[in-house]
Amino acid sequence: MTPRFDVIGLVVSDMAASLAFYRRLGLGFPAGAEAEPHVEAGLPGGLRLALDTEETVRSFHPGWRPPSGGGRTSLAFRCDDPAEVDSVYEALVGAGHHGELKPWDAFWGMRYAVVHDPDGNGVDLFAPLPGGEAAAQ
């Protein structure tokens with residue numbers, strides 16, 4: 001038997017804020033999940049994104065503390081085209097989320113931007129530039 005990659009889990013400090021952020025990116029979390037200690041959304045390819053509150057994690061791991069620092073984990077969302085990278089970035093920043101890197105044309109052939117979710121995790125937005133599709137694969 002071989003283990004199979006199935007879930008990406010994030011520990012969140014504010015479930016409602018995190019759900020609002022990820023719903024803006026098109027993830028389908030259940031309605032009313034803001035009060036839940038654990039929620040999941042299906043991802044393309046059958047994976048799931050799970051959000052657990054800090055309290056939930058402490059319920060089975062009492063010594064757990066949020067890590068200090070960051071920048072070691074990010075999620076990346078592919079947009080349909082470079083203009084969508086710009087518009088999604090502006091919508092998220094306009095909703096009060098921290099824009100880490102404004103949209104730019106990366107040397108590897110993509111329009112790229114980075115915003116932070118409510119807990120400071122990096123969320124990359126990208127789309128192939130015209131003629132850059134080969135670099136995107």
pair N121-L75: side-chain heavy atoms closer than 4.5 Å: no
With a 4.5 Å cut-off on side-chain heavy atoms, are H97 and P118 touching? yes
Other than V11, what residues sit in its cluster of Ile, Leu, Val, Met, Phe, Trp and Tyr side chains whose heavy atoms are under 4.5 Å apart, directly or through others? V57, F60, W64
Tell me whether E90 contacts the main-chain N or O of D86 through its side chain, where contact means a donor paired with an acceptor under 3.5 Å. no
L25 reachable from M110 in the ILVMFWY side-chain graph, under 4.5 Å edges: no
Please answer whether the main-chain N or O of D124 pairs with a side-chain N or O of S74 as donor and acceptor at a distance below 3.5 Å. no
Indicate, with yes or no, if L51 and F5 share a hydrophobic cluster defined by side-chain heavy-atom contacts under 4.5 Å among Ile, Leu, Val, Met, Phe, Trp and Tyr. yes
Residue pairs involving residues 23-43 (criterion side chain to side chain donor-acceptor pair (under 3.5 Å); sequence neighbours excluded): R23-E34, H38-E40, H38-D52, E40-R48
Give the minimum heavy-atom separation between Y89 and G99, together with the two atoms involved. OH-CA, 3.3 Å
Decide yes or no for L125 and V114: does some side-chain heavy atom of the first lie under 4.5 Å from some side-chain heavy atom of the second? no
Less than 4.5 Å apart, any side-chain heavy atom of V7 and any of L47? no
Should D14 and T53 be marked as a side chain to side chain contact (heavy atoms under 4.5 Å, CB included) after you check the CA-CA gap, both sets of side-chain angles, and the distance that decides it? CA-CA 7 Å; D14 182 332; T53 63; over 6 Å; no
With the 4.5 Å side-chain cut-off for hydrophobic clustering, are V12 and I8 part of the same group? yes
Side chain proximity check, V115 to L101, heavy atoms < 4.5 angstrom: no
Are F29 and V123 connected in the hydrophobic side-chain network, where two residues link if heavy atoms are under 4.5 Å apart? yes
Stepwise side chain to side chain contact (heavy atoms under 4.5 Å, CB included) test for L27 and F77: CA-CA 11 Å; L27 296 185; F77 287 76; 4.2 Å; yes
Give the minimum heavy-atom separation between A127 and P82, together with the two atoms involved. CB-N, 3.7 Å
Any luck finding a side-chain donor-acceptor pair between S59 and T56 under 3.5 Å? no
If you apply the rule side chain to side chain contact (heavy atoms under 4.5 Å, CB included), what do you find for R58 with R65, and how did you get there? CA-CA 8 Å; R58 284 190 197 103; R65 298 289 175 262; 3.7 Å; yes
Which atoms form the tightest heavy-atom contact between V39 and M15, and what is the distance? CG2-SD, 3.7 Å
Taken in chain and number order and not counting sequence neighbours, the residues that satisfy side-chain hydrogen bond (donor to acceptor under 3.5 Å, both in side chains) with D81 are none
Please identify each residue that fulfils ring-ring contact (aromatic ring centres under 6.0 Å, His included) with Y22, with sequence neighbours left out. none
Mind checking whether Y112 and F126 have parallel, tilted or perpendicular rings, split at 30° and 60°? parallel
Residues in side chain to side chain contact (heavy atoms under 4.5 Å, CB included) contact with S13, at least two apart in sequence or another chain: E54, D119
Among residues at least two apart in sequence or on other chains, which ones pass side chain to side chain contact (heavy atoms under 4.5 Å, CB included) with P30? A33
